[in-house]
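One structure below.
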Amino acid sequence: MRGPECDLRAEKCSRETAKPGWKLTFQDEFDGPALDLKKWNPNDPWGRERNQELQAYVTNAFEVKDGVLHIRAEKREAFYSGKQRALTSA
């Protein structure tokens, strides 16, 4: 629902691009210093390997900066689901 002229951080963007019959059910402007834990759960809900993935899910892979949520995947070791992993992500 975003046009090329739309700034995702602009409140008016969602109003201007609304479609008839559509209802906004969730919104986060990422305007705070960190992830809003009232809206987001950064923890892996399963806590275990599900599809032979190579990465460890880590909660410090998130950064909120300038109104944008950044999710980092890195080549660094972390322990997850009983194994030492060479990669991390969120």
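Positions are given from 1 along the sequence.
- Proximity of V58 to R76: side-chain heavy atoms (C-beta onward) are separated by under 4.5 Å at one or more points.
- Listed by chain and number, the residues in a salt bridge (Lys or Arg N to Asp or Glu O under 4.0 Å) with K65 amount to none (sequence neighbours excluded).
- Annotation: salt bridge (Lys or Arg N to Asp or Glu O under 4.0 Å) contacts of E63 (sequence neighbours excluded): R72.
- The heavy-atom pair separating T88 from A78 by the smallest distance is CG2-CB, 3.7 Å.
- Taking D36 as the reference, D28, K38, K39 meet the side chain to side chain contact (heavy atoms under 4.5 Å, CB included) condition, with sequence neighbours excluded.
- When all heavy atoms of G32 and V64 are compared, the closest pair comes out as O-CG1, 3.4 Å.
- Shown here are the side-chain hydrogen bond (donor to acceptor under 3.5 Å, both in side chains) partners of N43, two or more places apart in sequence or in another chain: N41.
- Every residue two or more places apart in sequence or in another chain that forms a side chain to side chain contact (heavy atoms under 4.5 Å, CB included) with L54 is listed here: L87.
- Rounded to the nearest 0.5 Å, atoms CZ (R48) and OG (S81) are 8.0 Å apart.
- Residues A61 and S89 share a closest heavy-atom pair of CB-C, 4.0 Å.
- Under the ring pair (Phe, Tyr, Trp, His ring centres under 6.0 Å) criterion, the residue pairs touching residues 66-90 are Y57-Y80, with sequence neighbours excluded.
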Stepwise, does the salt bridge (Lys or Arg N to Asp or Glu O under 4.0 Å) test hold for K83 with E49?
CA-CA 9 Å; K83 296 179 186 175; E49 184 178 309; 3.3 Å; yes
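- Partners of Q52 under the side-chain hydrogen bond (donor to acceptor under 3.5 Å, both in side chains) rule, at least two apart in sequence or in another chain, do not exist in this structure.
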Is there a side-chain contact (heavy atoms from CB on, under 4.5 Å) between L69 and F62 once you walk through the steps?
CA-CA 7 Å; L69 172 63; F62 302 97; 4.1 Å; yes
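- Follow the hydrophobic side-chain contacts under 4.5 Å out from L35 and you never reach V68; the two are in separate clusters.
- Contact annotation: the side chain of N60 never approaches that of P42 to less than 4.5 Å [non-hydrogen atoms, C-beta and beyond].
- With sequence neighbours excluded, the residues forming a salt bridge (Lys or Arg N to Asp or Glu O under 4.0 Å) with D44 are R50, listed by chain and number.
- Considering all non-hydrogen atoms of both residues, R85 and E53 come closest at NH1-O, 2.7 Å.
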